[in-house]
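First comes the structure, then the notes that go with it.
Remember, predicted model here, so these are calculated numbers, not experimental data.
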Amino acid sequence: DVAMPGMTGPEVVRRARERRPGLRALFVSGYAASYRGEVLDAEVLLEKPYTLRRLATAVATALELQQVGYQYAT
């Protein structure tokens with residue numbers, strides 16, 4: 001999730017990528033529309049609630065993208 005208690009999602013991803021460069025990230029948020037245009041350093045941003053099909057599509061998109069910079073999952 002983008003917003004979590006104690007540490008934000010972007011901070012978790014930044015720390016994880018220090019150990020594993022190239023790690024792909026997919027963020028979810030109940031407020032995804034408010035993050036449009038903001039650089040989150042994730043491949044995909046998925047809005048809650050989502051269906052299993054939308055989640056699968058978002059995961060596939062995150063794995064296929066070559067450069068970091070999120071896409072708003074619809």
Side-chain angles (χ1 to χ4, degrees):
D1 204 314
V2 175
M4 301 183 299
M7 185 181 303
T8 67
E11 179 64 16
V12 171
V13 170
R14 187 190 65 72
R15 289 184 181 194
R17 286 184 175 154
E18 287 174 0
R19 293 179 174 228
R20 191 163 183 190
L23 181 73
R24 301 300 176 115
L26 181 152
F27 286 133
V28 295
S29 176
Y31 305 99
S34 63
Y35 295 105
R36 280 190 189 195
E38 188 173 327
V39 177
L40 295 175
D41 204 21
E43 283 68 31
V44 177
L45 176 62
L46 181 62
E47 186 170 14
K48 294 178 192 176
Y50 50 84
T51 63
L52 184 56
R53 175 174 274 169
R54 286 183 62 213
L55 176 60
T57 300
V59 168
T61 299
L63 293 173
E64 291 171 3
L65 291 176
Q66 295 299 312
Q67 63 186 88
V68 174
Y70 82 88
Q71 288 189 6
Y72 185 75
T74 56

Closest non-hydrogen contact found for Ala62 with Ala25 is CB-O, 4.2 Å
A side-chain contact here means heavy atoms from C-beta on lying under 4.5 Å apart; do Val12 and Met4 qualify? yes
Quick one: are Leu55 and Thr51 in side-chain contact, heavy atoms under 4.5 Å? no
In short, Leu46 meets Arg54 closest at the heavy-atom pair CD1-NH2, 3.7 Å
Assess whether side chain to side chain contact (heavy atoms under 4.5 Å, CB included) is satisfied between Val28 and Val2, documenting all intermediate values. CA-CA 6 Å; Val28 295; Val2 175; over 6 Å; no
Note: Glu11-Arg14 ion pair, threshold 4.0 Å (strictly below): yes
Hey, could you give me the CG/CG distance between Leu26 and Leu45, rounded to the nearest 0.5 Å? 8.0 Å
Rounded to the nearest 0.5 Å, what separates atom CD in Glu64 from atom CZ in Arg24? 9.5 Å
